[in-house]
Amino acid sequence: MAEVLVLVDHVDGEVKKVTYELLTAARAVGEPSAVVVGAPGTAGKVKESLASYGAAKVYVAESDDANGYLVTPKVDALSTVAGQASPAAVLVAATSEGKEIAGRLAIRLGGGLLVDAVGVNSDGSVDQSIFGGAFSVKAKAAKGTPVISVRPGGVEAEPAEGAAAEEAVSLPAVDAAKSAKITGVEPVVGGDRPELTEASIVVSGGRGVGSAEKFEVVEKLADALGAAVGASRAAVDSGYYPAQFQVGQTGKTVSPQLYVALGISGAIQHRAGMQTSKTIVAVNKDPEAPIFEIADFGVVGDLFNVAPQLTEEVAKRKG
Amino acid sequence: MTNIVVLVKQVPDTYSERKLSEGDHTLDRESADAVIDEINERSVEEALKIKEAGEGEVTVLCVGPDRATDAIRKALSMGADKAIHVSDESLHGSDMVATAKVIAAALGKTEYDLVIAGNEASDGRGGAIPAMLAELLGLPQLTHARQLTVEGTSIKVDRETEEGLTHLEASLPAVVSVTEKINEPRYPSFKGIMAAKKKPVETLTVADLGVDAGEVGLGNAWSTVLEASPKPPRTAGQRVEDEGDGGSKVAEYLVGQKLI
């Protein structure tokens, strides 16, 4: 069976959930091989979890420069492995960085670039959901190796056993004139909440929340559900919540199992970022709010009555 | 002296209904209002700020059909000096790889220290063209910038993504992309709008750029759309009025759906 390369998305050896989704998606096309790029010692930390999602091989590209330059070390590693393994496809996470890695790799390999897939089929074609979920598209690479970025949350991760046989890859030296040097990082401090694009439940607040202080009601429900917190553009523009939590056309696109919209009217801008969620629950005072047109369950009422009651009910059930 | 090329794209307005053509699955440009992509106004603004702080020339580069002239004029009316418009019917249906090659070839025809793009177009949302240009041109990539500083021949960028902040440093020439947070773009003044009409716009074809005609267009793309269809719109489900038990009703629904 042909190999399918999966770039492991991790932070200092802590594997992100999307990696397991990629390994699962890869199994539709061939045998998944994980590619680990990081500082020396990274592979040791991640190997076991990669094996539990079916990685047959683990290519290890470790160097001190791997975290020292933006994007290029990962492209170097993938193109080196692709050169020797002739994979059926290369899969990366459709994050900001992942999309850039995939784009550069497609140029380098002369491969077909398929962006932001929500499904990968056995013939190497992909399903995409574009214009904020308004259109479904099926596409395939016409020439060369398919280089596919897969949307976090697009594919459900399923465990499988893999041998995770290690193979060392030597990274070419970084050409400093052609790369951007990383002089410092400040990771997002998300506290205990899951990352917005990775969360299975998202609770978002809109203009109806009314102030930054009152956003607490959104956060409390999110914490009861183990959810990430999101915000509409109106809420962000009004200064209620930081921009990195914005869901919508100009913010993040999320497709969780459950999306709870509190005081969000549901402008097309916002819907573009969340309408592919599996289940949508909306609470809004205005019975005419367009969010109700796409909600599976809607409550016409004051979010400051409904949300705390729901928080309590959820807490009760969790014991 | 910093000469800057700003990449500009004309896109369907995100507030209008966007569609794909039924025939070849390419963007249906006629069905929606065409506007300069919002993020490109910020790209132009950042270029103008760098120019105003020192010296240099700002060139707008746009690949797109004839009517993309409107997007170019908007950028010129903000204060850019001149423009290059790559317009050629054979480009219709080009994918990201072909588009990157055409832009790289057009950049090869001009002198620049810095290329400034938006981080992601609002229509395709590929988010990779700036990185692909850096790959093709052999230049450092400083993308998703929320802040950038040019000092002599070096550039520093604060990159912001879902991972957090990354501080980057490289030497010019370089490729930069900006995020929504980089600045607030200026409105064109009346004087600016009048002046834009007289600013030079050079129109180039694929042949002018020396790009192989066999690498562009729908038939030569590295990727092919097999099927495309509008998704059936989501339908409204249950709706209740809150009579003091709205929260409990939601909880019951979620239990029924096995979500809690």
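Reckoned from all heavy atoms, side chains included, excluding hydrogens, waters and symmetry mates.
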Is it the backbone or the side chain of Leu27(B) that comes under 4.5 Å from a heavy atom of chain A, or both, or neither? side chain
Counting heavy atoms not belonging to Lys278(A), are there more than 12 under 6.0 Å from its NZ? no
Options Gly246(B), Ala251(B), Pro230(B), Ala170(B), ranked by heavy-atom pairs under 4.5 Å with chain A, top entry: Pro230(B)
side-chain contact (heavy atoms from CB on, under 4.5 Å) partner of Glu97(A), chosen from Glu162(B), Arg159(B), His144(B): Arg159(B)
Minimal non-hydrogen separation, Glu313(A) against Ser248(B), with atom names: OE2-OG, 3.2 Å
Quick check on Ala221(B) against chain A: is it the side chain, the backbone, both or neither that has a heavy atom closer than 4.5 Å? backbone
So which residue, Ser136(A), Ala139(A), Ala282(A), ends up with the most heavy-atom pairs under 4.5 Å with chain B? Ser136(A)
In terms of heavy-atom pairs under 4.5 Å with chain A, which of Asp95(B), Asp245(B), Val157(B) leads? Asp245(B)
Honestly, the part of Glu180(B) sitting under 4.5 Å from a heavy atom of chain A is side chain
Less than 4.5 Å apart, any side-chain heavy atom of Val137(A) and any of Leu20(B)? yes
Go through the atoms of Thr253(A) and report whether side chain, backbone, both or neither lie under 4.5 Å from a heavy atom of chain B. side chain
With a 4.5 Å cut-off on heavy-atom pairs, point out which of Arg271(A), Arg108(A), Glu312(A), Gln269(A) contacts chain B the most. Arg108(A)
I need the Lys19(B) NZ to Phe131(A) CZ distance, nearest 0.5 Å. 11.0 Å
Pairwise side-chain contact, Val250(B) with Val299(A), heavy-atom cut-off 4.5 Å (strictly under): yes
Under a 4.5 Å cut-off applied to non-hydrogen side-chain atoms, are Asp242(B) and Asn305(A) in contact? yes
Taking everything shown except Asp123(A) itself, do over 12 heavy atoms lie less than 6.0 Å from its CG? yes
Check each atom of Ile268(A) against the heavy atoms of chain B and say whether the ones under 4.5 Å are side chain, backbone, both or neither. side chain
So for Ala134(B), is it side chain, backbone, both, or neither that comes closer than 4.5 Å to the heavy atoms of chain A? both
Contact class of Ile182(A) relative to chain B, heavy atoms under 4.5 angstrom: both
Student check: side-chain heavy atoms of Lys249(B) and Phe297(A) closer than 4.5 Å: yes
So CG of Asp296(A) and OG1 of Thr235(B): to nearest 0.5 Å the spacing works out to 7.5 Å
Non-hydrogen atoms of chain B under 4.5 Å away: do they reach the side chain of Ala141(A), the backbone, both or neither? both
Val255(B) versus chain A, heavy atoms under 4.5 Å apart: side chain, backbone, both or neither? side chain
Lys285(A) NZ: over 12 foreign heavy atoms closer than 6.0 Å: no
Note: Lys16(A)-Glu163(B) ion pair, threshold 4.0 Å (strictly below): yes
Need one label for Glu243(B): side chain, backbone, both or neither, based on atoms under 4.5 Å from any heavy atom in chain A. neither
Inspect the contact between Glu293(A) and Arg234(B) and indicate whether a charged nitrogen and a carboxylate oxygen are less than 4.0 angstrom apart. no
Okay, side chain of Gln309(A), backbone of Gly244(B): is any donor-acceptor separation there less than 3.5 Å? yes
Residue pair Gln141(B) / Leu70(A), side-chain heavy-atom distance below 4.5 Å: yes
Distance, nearest 0.5 Å, that separates CE of Met132(B) from CD1 of Ile107(A): 4.0 Å
Quick one: of Gly301(A), Ser179(A), Ala307(A), who has the most non-hydrogen atom pairs under 4.5 Å with chain B? Ser179(A)
Between NZ of Lys258(B) and OG1 of Thr279(A), what distance do you get to the nearest 0.5 Å? 12.5 Å
Keeping Ser96(A) on the side-chain end and Thr161(B) on the backbone end, is there a donor-acceptor pair under 3.5 Å? no
Cut-off 4.5 Å, heavy atoms of chain B, and the answer for Val185(A) is both
Hey, could you give me the NZ/CG distance between Lys138(A) and Leu226(B), rounded to the nearest 0.5 Å? 6.5 Å
Taking Arg239(B) first and then Glu288(A), would you say they form a salt bridge - that is, a charged N and a carboxylate O separated by under 4.0 Å? no
Whatever's closer than 4.5 Å to a heavy atom in chain B on Pro287(A) counts as both
Name the region of Lys181(B), side chain, backbone, both or neither, that has any atom closer than 4.5 Å to a heavy atom of chain A. side chain
Can you tell me if Lys99(A) uses its side chain to pair, donor with acceptor, with the backbone of Arg125(B) under 3.5 Å? yes
Could you walk me through whether Glu252(B) and Arg317(A) satisfy the salt bridge (charged side-chain N to carboxylate O under 4.0 Å, His left out) test, starting with their C-alpha distance in whole Å, then the side-chain angles of each, then the deciding distance to 0.1 Å, before giving a yes or no? CA-CA 11 Å; Glu252(B) 276 166 36; Arg317(A) 268 161 233 274; over 6 Å; no
By a 4.5 Å heavy-atom criterion (distance strictly below it), what part of Thr276(A) contacts chain B: side chain, backbone, both, or neither? both
Charged N to carboxylate O under 4.0 angstrom, Arg146(B) versus Glu186(A)? no
Please look at Thr95(A) and chain B and tell me whether the side chain, the backbone, both or neither of the residue comes under 4.5 angstrom of a heavy atom of that chain. both
If you count heavy-atom pairs within less than 4.5 Å of chain B, which of Gly103(A), Gly111(A), Gly298(A) leads? Gly298(A)
In short, Ala236(B) meets Phe292(A) closest at the heavy-atom pair CB-O, 3.3 Å
For chain B, which of Ala102(A), Gly112(A), Ala180(A) has the most heavy-atom pairs under 4.5 Å? Ala180(A)
Best-contacting candidate, Ser171(B), Ser229(B), Ala131(B), against chain A by heavy atom pairs under 4.5 angstrom: Ser229(B)
Do the non-hydrogen side-chain atoms of Leu225(A) and Ile260(B) ever get within less than 4.5 Å of each other? yes
Partner chain A: residue of Gly138(B), Ala128(B), Gly164(B), Pro140(B) with the largest heavy-atom pair count (under 4.5 Å): Pro140(B)
Indicate the atoms forming the closest heavy-atom contact of Ser129(A) with Lys231(B), along with that distance. OG-NZ, 3.0 Å
Find the one option among Asn220(B), Leu133(B), Leu168(B), Val225(B) whose heavy-atom pairs under 4.5 Å with chain A are most numerous. Leu168(B)
Chain B contacts, top residue of Val115(A), Asp116(A), Thr183(A) (heavy-atom pairs, under 4.5 Å): Thr183(A)
Run the side chain to side chain contact (heavy atoms under 4.5 Å, CB included) check on Trp222(B) and Leu113(A) step by step: do they pass? CA-CA 7 Å; Trp222(B) 278 259; Leu113(A) 181 60; over 6 Å; no
Rounded to the nearest 0.5 Å, what separation is found between the OG1 atom of Thr143(B) and the CD atom of Glu100(A)? 3.5 Å
